[in-house]
Every structure is written in C-alpha cells, then in structure tokens.
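Notes for the one structure printed next.
Lettering follows sequence order; numbering is per chain, from 1. Predicted model, so just to flag it, every value in this text is computed and none were measured.
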Amino acid sequence: MSARALVLRAGDRDYRATVADDGAVSIDGGPPMPAARAAAGEIRIGPQGRRAWTAASGANRWVFLDGHVFTFEVQDARRRRTTAGAHAPLASPMPATVVRVDAVTGARVRKGDTLVILEAMKMELPIRAAADGVVRAVHCSSGELVKPGIPLVEMDLETARAETDIP
Amino acid sequence: MSARALVLRAGDRDYRATVADDGAVSIDGGPPMPAARAAAGEIRIGPQGRRAWTAASGANRWVFLDGHVFTFEVQDARRRRTTAGAHAPLASPMPATVVRVDAVTGARVRKGDTLVILEAMKMELPIRAAADGVVRAVHCSSGELVKPGIPLVEMDLETARAETDIP
Amino acid sequence: MSLRRVLVANRGEIALRIIRACRERRIDTVAIFSDADAAAEHVLAADTAVRVGPAPPAESYLSIANVIEAARSSGADAVHPGYGFLSENPQFARACEAAGLTFIGPPADVIEKMGSKIGARTLMAAAGVPIVPGLTPGDQTDAGLVAAAAAVGYPVLVKASAGGGGKGMRVVRDAAGAGEAIAAARREALSAFGDGTLYVERLIERPRHVEVQVFGDNHGHVVHLFERECSIQRRHQKVIEESPSPALTPALREAIGEAAVAAARAAGYRNAGTIEFLLHGAGEDAAFYFLEMNTRLQVEHPVTEAVTGVDLVHAQLTVAAGGALPWTQDQLTQRGHAIELRVYAEDPRAGFLPQAGTLLLYREPQAPGVRVDAGIREGDAVPVHYDPLLAKLIVQAETRTAAIDRAAAALRAFPVLGIATNIPFLLRVLDHPAFRAGDLHTGFIDEHLDALLDEPAVPDEAVAAAAATNAAAAGPAAVEARGAADPWSDLRRWGR
Amino acid sequence: MSLRRVLVANRGEIALRIIRACRERRIDTVAIFSDADAAAEHVLAADTAVRVGPAPPAESYLSIANVIEAARSSGADAVHPGYGFLSENPQFARACEAAGLTFIGPPADVIEKMGSKIGARTLMAAAGVPIVPGLTPGDQTDAGLVAAAAAVGYPVLVKASAGGGGKGMRVVRDAAGAGEAIAAARREALSAFGDGTLYVERLIERPRHVEVQVFGDNHGHVVHLFERECSIQRRHQKVIEESPSPALTPALREAIGEAAVAAARAAGYRNAGTIEFLLHGAGEDAAFYFLEMNTRLQVEHPVTEAVTGVDLVHAQLTVAAGGALPWTQDQLTQRGHAIELRVYAEDPRAGFLPQAGTLLLYREPQAPGVRVDAGIREGDAVPVHYDPLLAKLIVQAETRTAAIDRAAAALRAFPVLGIATNIPFLLRVLDHPAFRAGDLHTGFIDEHLDALLDEPAVPDEAVAAAAATNAAAAGPAAVEARGAADPWSDLRRWGR
C-alpha cells in the first residue's frame with residue numbers, strides 16, 4: 001500500500017496532506033507528524049502527541065483540539081470548486097418553518113432588507129439580502145417546513161456574498 | 001424468518017427461550033415478553049419495559065438488571081453437559097503465579113489441605129482439596145505463570161466437588 | 001401524603017434530572033415524549049413513557065390536554081413541569097389540580113399573579129421591593145406600545161408579558177426602530193406563550209443580572225438560598241451563571257436575600273422559585289431592582305446546589321408532598337464558588353444561530369467538582385423543534401479563579417463534533433480578562449463580541465488529525481448502531 | 001517556586017485524578033506505564049507518557065530507578081506518587097530529592113519514621129496519643145512472633161511492619177493457628193513491600209475504623225479535615241468509607257481531630273496525610289486508639305473533599321510548591337454526608353476472588369451529587385498484575401439516609417459486564433438494616449456475609465434479555481474497535 005494524498009479545505013484555504021503507511025501525516029510538504037488512533041474517535045497527533053478527537057461525515061471532517069473545533073472538507077480532485085457567484089441562492093441553514101415571505105419576484109431589494117423570516121428552535125431567523133440586487137425567484141411560502149440547503153430565494157446580486165444573521 | 005429457540009443455563013437451571021420475529025421472548029412456554037434494543041448494549045424488556053444492559057462473549061451472556069448481574073451460557077444442542085466428576089481437575093480461576101506446590105503425586109490428602117498456593121493481584125490464593133482423596137497428577141511448578149482453566153492438579157476425590165477459596 | 005408516581009412534563013436534561021431524583025426516593029417516573037424524542041435519553045431513563053403528540057411543541061409538550069391524559073393513563077399522582085413548556089402556565093397547574101394530580105410547584109393563582117409582569121410589579125412595589133420603571137399599556141397596538149415606550153423613556157425593553165427566557169424580547173433605543181421590534185416581539189410572544197401581550201420597561205444600561213433562589217413550604221416557612229449572577233447572556237438568554245456574585249458585598253447580599261424573601265412572602269409563594277433583580281453599580285453604592293419572578297425550577301439551579309450543598313429537586317418533592325422545608329435559613333450556607341456554562345447547539349459566528357443535526361461525537365468531561373447535566377448522547381440527533389441547549393457544565397471549586405480554571409479545563413476535554421456548539425466561544429469568555437476580573441454586565445458578550453469570536457489559526461496538528469480520519473474509521477460505531485432507527489418505534493408501546 | 005511538569009508515578013484512577021488537577025493549573029503532566037497499561041486512560045490523558053517496564057509492578061511501577069529515569073528523560077520537576085506503589089517508600093522520596101525533583105508528599109524521614117509501625121507507636125505514645133497494645137519482636141522467627149502474640153494477648157493481628165492496605169495481615173486467635181498465618185503474612189509482606197518484618201498487635205473486637213485527614217505545610221500550619229469512617233472492609237481492605245462517622249459525638253469528633261493534629265505535629269508532618277484510629281464502643285463512652293499514619297493521599301480522599309468542599313490534590317500541589325495551606329482550621333467545615341464505594345473486579349461469592357478480563361460493557365452512572373473516579377473504559381482489559389479496583393463511586397447528599405439512597409440508585413445504574421464485580425454486593429450492604437442504622441464495625445461483612453451473598457432468583461426478564469442478545473449484535477462496537485490492538489504500540493513513542 002502506498003502513501004495516500006488528499007486536499008482538505010478549511011475556509012478559503014486548501015491544505016495538501018500526505019498520509020504515509022505508518023499513519024504519519026505531512027502537510028503541504030512539511031515534516032511527517034506521527035498519528036495514532038487512541039480510541040474510537042480519539043487520536044494522538046504530532047511530535048508532542050497532542051490529544052484530539054475527530055469525526056467524519058461524507059466529505060466533512062471535524063477536529064476538536066484543546067477546546068477549539070476545526071472543520072474541513074475533503075476536496076474531490078475531479079470536481080472544481082463552486083464559488084458563491086452573483087446568482088447564489090439563499091437557503092435555510094437548518095430545518096425551519098417559514099413564518100413570512102417578504103421577497104417578491106422581480107422586486108429590487110437593498111442590502112439588509114429582510115427577504116424571508118424563518119422560525120426554528122422557537123427563535124426567528126430573518127434571511128436578509130447581503131447586497132443590493134433583484135429577486136430572481138422565490139421558492140417558498142409562509143407556513144412551509146423547509147430543509148437546509150434548499151434554495152428559498154434566488155437573487156441577482158450586485159456583490160457576491162449572501163448573509164444570514166439574527167437581529 | 002421463523003422464531004428462534006435456544007437454551008440458556010444459569011447455575012444448574014436450564015431455561016428454554018423462544019425469540020419471535022418481533023423480538024418478543026417467551027421463557028419455558030410462558031407469555032411473550034416484548035424486547036426492544038434501546039441503544040448499544042441496552043435493552044427494554046418485559047411487559048413493564050424494564051431497562052437492562054447486556055453483553056455477550058462466545059456462548060456467555062451477561063445481564064445487568066436493577067443492580068443485579070445474571071450470567072447465562074447458551075447451550076449447544078449437539079453437546080452434552082460435562083458434569084464435575086470424581087476426577088475433575090483443579091484449575092486456577094484466573095491468570096496467576098504459582099507460589100508454592102504442596103501436592104505430591106500419589107499422596108493422600110484430606111479435605112481442606114492446601115495443594116497449591118497461587119498469587120494474583122498481590123494476594124495469595126490457596127487451592128485446597130474440597131474432599132479427601134488422592135493426588136493423581138500435578139501439572140504446575142513453583143514460579144510458573146498459569147492460565148485460567150488449565151488443570152494444575154488432578155485428584156481422585158471421594159466426593160465430586162472441588163473448591164477454591166481464600167482464607 | 002407521599003408521591004408514588006410522578007409524570008415529568010418535560011424533555012432533555014431537566015427531565016432526566018427529575019427522573020434521577022425520583023429514582024433515589026423510589027418514586028416511579030413517567031416520561032412524556034413527542035415523535036421527535038421517542039428514543040431520547042429521558043424516555044429510556046423513566047419507568048414508563050407516554051407519547052403526547054407530534055414533534056411541534058404546541059401539539060405535544062405544550063398540549064395541556066395530552067399531558068393530563070398521559071398522567072391519567074399512566075396512573076401518575078403528581079406532575080413535575082420542569083422549566084419552560086407548561087411550567088409557568090396557570091391553566092396547566094389548574095388542570096393538574098382538577099385531575100387530582102399534585103402539581104410540583106406553586107399554586108396556580110401564584111403562577112398567574114407573578115406571570116403577569118404588571119401584577120408582579122404592583123405586588124412588589126406594595127411589599128417595598130424596589131422595581132424598575134415600566135408599564136404594560138392597555139392599548140396593545142403598535143401605536144399604544146410606542147407611546148408607552150416614550151412615557152417610560154428610551155432606551156426601553158419590549159417583552160412578552162407572559163414570558164421569560166428572552167423569548168419575545170427586544171431592545172428599542174428610539175421611536176424609529178420601534179415598529180419592527182414590537183411586531184417581532186409580539187409574534188414570538190404569541191408563538192412561544194400563546195399570548196402576545198407586551199410590556200415596556202426602562203432599559204438599565206450595563207446592569208448585572210443577579211437573582212435569588214427562594215423556597216417556601218405549606219407550613220409558613222420561606223427561605224432564600226443566596227444569589228446567582230447570570231450576567232453573561234446572548235440574545236437575552238443566559239449562557240453562564242455563577243454563585244456567589246462577584247459584585248455583592250456581604251451587606252448587599254444580606255439585603256437582596258431579605259428582599260427576595262419579602263417578595264416571596266408577598267406572593268404567597270410555595271415550592272422553588274427565583275426572584276430576578278437587575279443590579280446597577282458596584283460595591284456599597286450598588287442598587288437592585290425587582291425584575292421578575294420565575295415560578296419554577298431554574299435552568300441554573302445546580303449553581304445553587306453546588307454552593308449550598310442542598311438538592312433543590314428533592315426539596316421540591318418533599319414540599320409538594322406536604323412536608324416542611326428541610327432547612328431553616330440559619331442552616332443554609334454558601335461555600336466555595338460554582339459556575340454553570342450552558343452548552344448550546346449554536347454557531348456564535350452566525351449570530352448564535354441554532355444548529356440541528358447529529359452528534360457524531362459527544363464525550364463529557366469528568367473530574368472532581370465537575371457535573372454535567374445533559375439529556376443527549378453520542379449519536380443522537382438534535383431536533384429542530386426545541387431549545388438548542390445540549391448540556392449544562394457545572395463546576396465548583398474553592399475560589400472563583402479555581403472554578404474558572406476548572407471550567408476551562410473541563411471545556412477543553414468536552415469534544416462535541418457533528419454540529420457547531422458554543423464550546424470554543426465559552427472558553428474565550430472564560431479566558432477574557434474582564435470575565436476573570438468579575439467585571440460583568442448583561443451586555444458583556446455584545447461589548448466584547450469581536451474578541452470572543454476571534455478564532456485561532458488552524459494548527460498543523462488539526463489538519464493532520466483531519467487527514468488521518470476517514471469516514472469509515474472515524475467516529476464511534478455507536479453512531480451507526482443508534483442510527484439503525486427501526487427498533488425505536490417499539491419503545492412507544494410501553495406507555496400503554 | 002512553582003511546579004512546571006509533574007510526573008505521576010502511578011496508574012489507574014488516581015493517576016487520572018492527579019493529571020486532571022494538574023491540567024486545571026496548567027501544569028504539564030507525565031504519565032508512566034508498564035507494558036500492560038500502554039493504552040490505559042491515564043496514558044491518554046497525560047501530556048507525555050513514558051514506559052517504565054514490563055507488566056509486573058516490581059519491574060515497572062515499583063522500580064525506583066526506572067521511575068526516576070522517566071522523570072529525568074521527560075524533564076519533570078516534580079513527582080506525585082499517588083497511593084500504593086512507591087508512595088510510602090522513603091528511598092523513593094530520597095531518590096527524588098537526589099535527582100532534584102520535588103516529591104509531592106512529606107519529607108523522606110517522616111515517611112520512614114511513620115512507616116515503621118514500631119517507631120510510629122513510640123512517637124505517638126510520647127505525644128500523648130492513645131495507642132493499641134502491641135509489639136514488633138526483635139526475634140522475627142516464627143517462634144519469636146508466637147511468643148510476641150502471647151505477650152500481647154490473643155486474639156492478635158499479625159501484620160507487615162512496612163505495609164498497609166491489608167496486605168500481609170492475618171488474624172490469629174490462638175497459638176494453634178499462628179504458624180501458617182505468620183508464614184503467609186511474611187511471604188505477602190516480602191512480596192508487596194520487599195520487607196518481611198512483622199508486627200503483632202492486640203486485636204480489638206468489633207472496632208470501627210475511623211481516620212482523620214490531616215494536612216501540614218512548610219510554614220508551621222497543621223490542620224485536620226474531619227474524619228472518615230472506613231469500617232466496611234473485606235480481607236482487611238476498605239470497601240465503603242463515609243464522612244461524618246455515624247459513631248462520633250461532637251465532643252469525640254473534636255477530641256479525635258485534636259489528637260490527629262497532635263500526631264501530625266509530633267511527626268513533623270507536611271502535605272496530606274491520614275491518622276488512622278480504631279474506635280471502640282459508642283457514644284460518650286467510645287475510646288479511640290492510634291492505629292497508623294498513612295503518609296500519602298488516601299484512596300478515600302474524595303469523601304473528605306465532598307463534605308469539606310476542598311480539593312486535596314490542588315492543596316498538595318500548592319504545599320509542595322512551598323505555598324501556605326489555603327485554609328485555617330476555622331475556615332474548614334463539614335457539611336452534608338458523603339459515601340465512597342469501591343467497585344472492585346472481584347467475585348464476592350468466591351471469597352472476593354479478584355477477576356481479570358475484558359470489560360464488555362462499562363457505563364458509569366450520572367446524577368447530581370455523584371462522582372465517579374475511574375481509570376478504565378468500556379472495552380479495556382483489566383490486567384491481572386495490579387489492584388482490582390475498577391472505580392470509586394462517591395456520593396454526597398444532605399443526610400446519611402439521602403446519601404445511601406443516592407448511592408443505591410447510582411449502583412443500580414452502573415452496569416459492568418464481562419467480569420464479575422462487587423456492585424451487586426455493595427447494593428446489598430447499602431440495603432442491610434445494620435448498615436442503614438450505622439451499626440458498623442470492621443467485621444461487618446464477615447458477620448453479615450450470608451445475607452450479603454444472598455442472590456435473588458433469576459427473573460424472567462433477565463432470561464429474556466439474555467435470549468434477546470446475540471454475540472454479534474450485543475455489546476458496544478467500541479469493544480471491537482479497542483480490541484484492534486496494533487495502534488497502541490505507537491503510543492509508546494511519545495515518551496521520548
């Protein structure tokens with residue numbers, strides 16, 4: 001069996017990792033760091049053998065190290081990154097109920113305008129425009145239960161970033 | 001899939017259990033008791049849904065119920081029970097070191113005589129004759145590390161029971 | 001009278017905590033569950049469990065009819081409401097009484113009286129307890145509420161008259177922002193409490209939230225169990241609570257305790273309750289104002305248990321069964337320091353957005369002086385329908401500094417993976433110099449938000465650990481085991 | 001002086017407990033391990049781990065040379081010995097000193113002085129502390145010891161002069177039984193302590209074992225932290241400990257506390273220690289006798305922590321670093337009731353025979369007032385080489401009855417399967433009327449043995465649960481996961 005190479009993305013940064021046969025991991029061509037599984041979900045890592053906990057789900061990797069949590073996505077070499085473009089749809093970050101839909105197709109909206117109000121875990125979560133733009137399509141209606149990641153509103157934005165926050 | 005039948009032994013008693021397709025268990029022809037796995041190693045059992053924990057290793061079954069522990073052995077229908085006979089060998093109940101061997105082949109011993117002294121977990125464990133008899137064979141020597149279940153001394157006993165205890 | 005079988009009308013950690021106390025007293029327990037909780041830990045722990053409806057709370061945990069029917073069908077003779085849900089609903093307390101069930105809490109009319117912010121304020125003012133200026137306009141239209149805000153004087157807080165826990169609460173700094181805030185507060189109040197009546201109150205800037213645990217019995221005894229400071233809040237919900245408060249002088253501690261007992265006596269209070277105060281200023285000059293009374297066990301009650309050495313849930317059961325309080329005021333002492341940290345499934349960097357999903361890995365810390373109250377386990381799915389509280393980490397130590405150090409060490413050994421939690425955020429609060437100095441106010445998190453959201457660079461070890469983890473080998477096999485959901489449905493039968 | 005890096009010269013729960021305390025103070029930790037413990041929890045928890053030899057303790061945890069070398073190679077500046085192993089070995093304390101390591105415990109000469117039963121008795125008698133009649137004959141032959149027994153007066157206890165913890169201890173009721181008992185005691189003493197010198201003492205019938213926690217610093221302060229009653233013993237080893245002792249009147253409590261402080265002062269004691277007494281009789285007429293001093297942290301120290309609210313290991317670290325005791329005698333209080341139950345891998349029905357094997361299932365109870373100190377996890381193999389203590393369950397509550405009820409509820413939720421443990425036995429002790437009544441003495445278990453070994457009939461539910469469990473589906477997958485032993489060997493590298 002030969003060494004395994006993979007690319008992990010955290011935020012905007014890609015890390016190239018090589019995992020040797022003995023489990024040691026090298027990052028971006030750096031020196032190999034020993035890695036040993038200590039128990040289910042537990043690992044000892046690096047020259048000091050620091051204790052970390054890890055989990056995986058699909059391409060996602062989670063690491064808990066000294067009270068910090070780091071998340072990574074294993075990049076598929078065959079696919080290109082989908083960048084948040086000017087047409088990126090707005091989706092709920094979690095299962096939620098639509099309380100109110102303010103967005104109307106074709107309407108011009110300004111940065112900060114509330115497009116949709118969701119309710120989840122007994123709190124209201126407004127979905128707001130992160131930039132000026134025009135509503136291209138509305139895919140939800142009041143009272144509907146929506147799943148995470150499914151587009152609620154599509155916009156032609158003047159800048160690329162869409163934002164979800166809470167007042 | 002049809003119902004599964006098995007025999008479980010606890011001490012001297014055999015229980016005939018039938019496990020239905022829905023998981024319900026009937027003991028010795030009694031009424032079916034619902035059984036549902038609640039989590040790894042955890043089960044809800046019987047008409048009141050009592051909480052129990054279970055484990056299995058080979059033919060052995062362990063059950064923790066309300067602070068009591070019950071152990072069972074699943075009986076193999078093809079084999080007969082080996083009863084403790086008049087020639088039953090004396091074995092260590094656990095890995096141990098032989099401290100001293102008092103038994104001599106051919107010697108006549110009386111009930112309560114110390115045959116071998118083992119040491120395990122920093123404590124001495126004398127192996128004593130549970131009845132009068134004659135030493136048939138000695139299979140260990142001082143300083144030896146012995147495994148559980150391997151005969152240390154074989155005796156021709158006048159009664160069938162061999163005993164292990166601690167002073 | 002003694003309680004034989006208690007129905008716990010709640011879910012999660014508080015349901016488990018009550019079930020465990022009952023078990024120690026050999027009292028049978030009945031859990032209730034919605035479809036989202038059929039396999040929840042509180043269901044497994046109880047002697048019996050009864051389904052009360054589908055996942056949405058209004059159709060299950062908030063359904064008085066369903067909960068009362070569950071108590072009837074299971075043969076319960078008493079009901080513990082926990083906190084939230086129906087715990088401060090006087091109709092529920094009355095329905096229990098009508099069904100011949102002992103309600104483990106205060107009498108319904110006391111809940112009603114103190115549940116109304118207006119009525120409570122009036123009562124407290126009459127009893128000589130200091131109050132914050134504010135009012136509930138008879139005209140509950142937007143215009144009426146805006147006028148009330150102007151009368152009280154900006155900045156104001158608009159909040160649900162029926163509620164608590166920060167739901168339906170909004171800060172309004174001027175008339176311009178009032179409209180949307182009032183509408184939102186009303187909607188949330190309606191959704192959470194079924195009552196959209198709003199109350200407008202003068203906002204006291206940089207106050208501390210200091211509350212006093214009180215306890216009364218049916219024999220005329222009322223005691224306090226010292227204070228808890230709960231100033232670390234986000235979105236008007238408590239995140240960190242502690243006792244003693246670093247702000248109270250001995251004289252002030254005595255005064256606030258006496259005020260709380262006076263308040264509880266004025267309310268005719270029985271069982272466990274909490275008088276919340278705003279504390280303004282510091283040292284000898286500090287002043288406190290009655291904020292509201294919570295007529296139930298608090299989320300943060302373990303802080304009081306840690307410093308006083310008493311068990312509040314046991315005392316609730318004793319008092320509800322007609323017994324006398326197990327302690328006189330003189331027997332109660334406050335020793336050492338305790339801190340509670342609420343571990344939420346939320347993303348602090350996304351405005352503390354609640355998170356739902358599966359706990360791929362969840363391991364609780366263990367150490368002397370560390371208590372974890374939780375209602376979930378590794379492999380559980382955190383449902384979207386309920387409060388995102390995952391666990392409460394309670395530490396106690398000889399001093400405040402030792403308690404902070406203990407809490408930080410415990411959080412660093414509390415890995416939760418699969419959904420975002422506020423654990424890293426809590427650590428940054430603990431390590432913030434202002435927190436260490438005890439320089440707290442309810443706007444602490446907002447004031448220091450940038451520093452508290454600051455994340456470290458990704459260390460090479462973290463990348464290496466991620467690279468060493470592959471989907472097949474990582475995470476506990478227990479997740480797979482519990483994911484096999486079919487057997488769960490069997491559990492529902494047992495309630496019958 | 002402050003400690004930077006502490007080597008913990010122990011294994012199991014006490015190693016973990018010390019590591020956790022160090023972590024709270026941001027002190028680095030070094031674990032040591034034998035080949036049997038390469039994957040043990042204390043190894044995982046420490047910052048660094050160093051192998052000290054093969055499984056037999058004499059070649060690893062008891063090897064002074066190997067432990068000192070581990071401290072040197074890992075850059076430790078202090079050593080915590082825990083209990084057992086080298087903790088009361090003055091040569092080890094001297095070797096630490098010679099290597100420039102701070103020994104977290106009393107000075108070597110105090111260990112030596114108190115380690116000799118004869119020397120300790122002489123010292124205590126001179127200090128006015130009451131002692132039990134007894135002697136260590138200069139003639140250590142069997143004949144010499146039999147003569148000593150006759151001089152002291154039967155019944156007598158024969159015990160290792162160097163030891164503690166019941167190893168090498170035998171009751172001798174008459175000259176006829178003396179020969180074999182003396183030989184066995186000598187062998188065990190030699191094996192456990194490397195010193196076969198024996199001591200003969202008058203056996204006090206039906207005594208209680210009551211001990212007092214003491215603490216001294218380098219600044220002349222000595223305090224006591226009240227008593228622990230440890231009368232529930234089997235084979236002369238403690239099984240259940242509690243505080244307060246149900247036998248002490250307030251006057252007696254004060255007297256025994258003062259005697260303990262006098263004893264510690266006479267010994268020139270520093271750091272944490274325990275003065276053990278035998279208590280004879282009850283109420284006002286009870287008398288106590290000095291038994292021995294343990295010059296180390298006790299297994300049962302959490303009982304004291306629970307009732308006093310202090311952290312003894314933190315205080316050990318403070319005092320070892322040259323700091324003053326964090327408390328004066330007046331600041332210390334004894335509040336509520338605490339009980340510790342030692343969960344052993346042993347079969348009570350086979351004469352408490354120790355058990356080794358794999359923990360197929362191991363789940364700790366969780367509840368307010370419940371602390372579990374353990375060094376093992378589900379799936380671990382319990383090795384044959386060491387003490388069979390698996391875990392300590394410590395409960396605290398407002399009253400003794402509430403503490404017993406809490407302990408019983410916790411044990412009923414403490415499933416351990418795969419090897420026999422004493423959990424069912426402990427439950428029967430807790431439920432025994434004599435235990436509930438506080439009617440204790442060190443022969444309690446022997447006296448009530450038949451009742452305590454009584455097992456219930458097998459309920460149908462248990463049979464059904466066994467039938468519903470098949471080898472493939474049962475037990476946690478974690479067992480399989482941890483059974484894949486290969487990665488463990490990697491762990492050893494980190495000590496370098």
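The shortest side-chain heavy-atom distance between C:P415 and A:W62 does not fall under the 4.5 Å cut-off. Side-chain contact between C:V458 and A:Y15 is present, with heavy atoms from C-beta onward closer than 4.5 Å.
Nearest heavy-atom pair across C:A464 and A:M33 is CB-CE, 3.5 Å. Minimum heavy-atom separation, A:V63 to C:A462: CG2-O, 3.6 Å. Taking each heavy atom of A:V25 and C:A467 in turn, the nearest pair found is CG1-CB, 3.8 Å. Here the shortest heavy-atom pairing between A:I45 and C:A465 reads CD1-N, 3.8 Å.
Considering only heavy-atom pairs separated by less than 4.5 Å from chain A, the leading option among C:L427, C:V463, C:L411 is C:V463. Ranking A:D28, A:V69, A:L6 against chain C, the residue ahead of the rest is A:V69, based on heavy-atom pairs under 4.5 Å. The most heavy-atom pairs under 4.5 Å with chain A, out of C:T421, C:I423, C:I419, come from C:I419. Ranked by heavy-atom pairs under 4.5 Å with chain A, the list C:P459, C:G357, C:A413 is led by C:P459.
With a 6.0 Å radius and a threshold of 12 heavy atoms from other residues, nucleotides or ligands, A:E42 has its CD atom above the threshold.
Looking at C:A58, there are no atoms closer than 4.5 Å to chain A (heavy atoms on both sides), in backbone or side chain. For chain A, no part of C:A408 is nearby; none of its heavy atoms comes within less than 4.5 Å. For a residue to count as touching a neighbouring chain, one of its non-hydrogen atoms must lie under 4.5 Å from one of that chain's; by this rule A:V7 does not touch chain C. For A:T114, the part lying under 4.5 angstrom from a heavy atom of chain C is the side chain only. Contacts between A:R100 and chain C at a heavy-atom distance below 4.5 Å involve the side chain alone, from C-beta outward. Only the side chain of C:E180 has a heavy atom closer than 4.5 Å to any heavy atom of chain A.
With hydrogens and angles ignored, the 3.5 Å screen pairs no side-chain donor or acceptor of C:R412 with any backbone N or O of A:H68. The main-chain N or O of C:T469 is found under 3.5 Å from a side-chain atom of A:R61 such that the two form a donor-acceptor pair.
Atom-to-atom distance recorded for C:E455:CD and A:F70:CZ is 8.0 Å, nearest 0.5 angstrom. The structure places CZ of A:F64 at 7.5 Å from CG of C:L417, a figure rounded to the nearest 0.5 Å. Separating the CG atom in A:D66 from the CD atom in C:E461 is a distance of 10.0 Å, to the nearest 0.5 Å.
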